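Each ligand, and each atom within it, is numbered from 1 in the order the structure gives. Only a predicted model underlies this, so the values are computations on that prediction, with no experimental measurement involved.
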Amino acid sequence: MTATADVIIIGGGVMGSSAACNLLSDGLDGRLVVFERDPVHERSSTGLSAGGIRQQFGYRDNVLFSRYSVGFFERFGELMAVDGEAPEIDFRQKGYLILAGEDGLAALRRRYELQRSLGVEVSLLTPEEAQARVPHLSLEGIAAAAFCPRDGYLDPYAVMAGYEKKARSLGADYRAEAVVGVTRERGRVAGVVTAGGEQMLAPIVVNAAGPWAGEVGTMAGVEVPVVPVRRHVFTCKIPAELDYELPMVVDPSGVFVRTETGGRILTGRADPEEPAGFNFAPDRSYFLDVIWPALAGRLPLLDRVGLERFWAGLYEVTPDHNAIIGEHPDLPGFYLIGGFSGHGMMQAPAAGRALADLILKGRYEAVDATPYCLERFARGELIHEETVI
Ligand SMILES: Cc1cc2nc3c(=O)[nH]c(=O)nc-3n(C[C@H](O)[C@H](O)[C@H](O)COP(=O)(O)OP(=O)(O)OC[C@H]3O[C@@H](n4cnc5c(N)ncnc54)[C@H](O)[C@@H]3O)c2cc1C
């Protein structure tokens, strides 16, 4: 007998689990199955993420998505509690301090005005005011900074696990299996085929496969323009003199750094030259040649850091580095929630909520994800977001 479900989600990372949780808590009446082939999340983007959370974007809907998500993360323990047990996601709101040189000043001001108009508690700082927040900061080449105290970072794995536990408590059926085929019938999505040869029918299939979203699109016979791009994270032991917590400091070079637990810093930078591909091999020389010189220039005290751990994960990148949310225009019933590049953790609560509204009510309610539709690429209406970090 062929198994059936009402909704199948391919991928149990933060997006699949946020979507599952939102669908079930918003009243999905039926069976929801999540297929996750890597249940320990060794290679999922969520498991390898840096967990930065910021509202400081340049594109209106990215600001609104993050704003929704920050409010959600502030109440995550309460909202995701199961049997009175609240998940701990360690959301540390130490702020994001975004630095700009003379050439970035006009854009920083423009973003500041936009964010303020949308209710974000961001301030524009002089270089000296920025230094008052981070006393070891070098002001070389800095013309201004923006700081939002409600931004910060959290434990990405704990967020995903919190969503999954809640979704399971609401009836989600998580299967540790790979999907190898997406079936169609009469021009609609019809279900999936697993690596074990099982067929499951469902009128709705959600592609939440992160960096593998393009492959899952191919299984369904449609194009999903998401490619994997390697990104690094490095953690280092810090000199004892740094006796305060760093906010997430974002240098004009693109290098970011923040305090990590246990007397460490966490740092990285998105390499614009990195080619697309499923490359998980971390490259130590990227730290030595690119990150460390910029870090030591901006925070000279960090000249003496000792590299401890480093890893590489995959951003899921679309042609404009922003998400795709919604039903695929060429395959009714096949929904997409992916392509978040470096801002998936901070958009996961809003994205899952938006997708659940679309599936259950046929329209967006809590947050509007219309700008993230796949059709924008064909129309040439790409999202311009200058702060993809
Ligand atoms: C190094 C790094 C740093 C980052 N830093 C930040 C940050 O600071 N802030 C931020 O907001 N975002 C950050 N991100 C981005 C963020 O982590 C991702 O956007 C987000 O985790 C994507 O979640 P996802 O659920 O879409 O993908 P994933 O977490 O990759 O989940 C997709 C899942 O689908 C499963 N899957 C795929 N194909 C199949 C199949 N055929 N069958 C069954 N299962 C399948 C995979 O096993 C995987 O677990 C970072 C990402 C990386 C890699």
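Of the candidates Leu48, Val229, Val182, Ile10, Leu48 brings a heavy atom nearest to atom 2 (C) of ligand 1. For atom 32 (C) of ligand 1, the nearest non-hydrogen atom from the set Ser44, Ala208, Ser45 comes from Ala208.
The heavy-atom pair separating Pro203 from Ala5 by the smallest distance is CD-O, 3.5 Å.
Inclusion of Glu316 in the set of residues having an N or O under 3.5 Å from an N or O of ligand 1 is warranted. Residue contacts with ligand 1: Ala50 is placed with a nitrogen or oxygen under 3.5 Å of a nitrogen or oxygen of the ligand (distance criterion only). In terms of polar-atom proximity, Gly16 is not counted as a contact of ligand 1, lacking any N or O under 3.5 Å from an N or O of the ligand. The shortest N/O to N/O separation between Trp212 and ligand 1 does not fall below 3.5 Å.
Ring centroids of Phe57 and His343 are separated by less than 6.0 Å, placing the two rings close together. Aromatic ring centres of Tyr315 and His321 lie farther apart than the 6.0 Å criterion allows.
Under the 4.0 angstrom criterion for non-hydrogen atoms, Ala348 is not in contact with ligand 1. Not a single heavy atom of Pro156 sits closer than 4.0 Å to an atom of ligand 1. Distances shorter than 4.0 angstrom do not occur between any heavy atom of Gly338 and any atom of ligand 1.
Nearest to atom 27 (O) of ligand 1 among the protein's heavy atoms is Gly210 CA, 3.3 Å.
With Tyr372 as the aromatic partner, Arg376 does not meet the cation-pi criteria of under 6.0 angstrom to the ring centre and within 45 degrees of the ring axis.
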For this session: Test side-chain hydrogen bond (donor to acceptor under 3.5 Å, both in side chains) on Thr387 and Glu385 and set out the steps.
Result: CA-CA 6 Å; Thr387 60; Glu385 172 56 71; 2.6 Å; yes
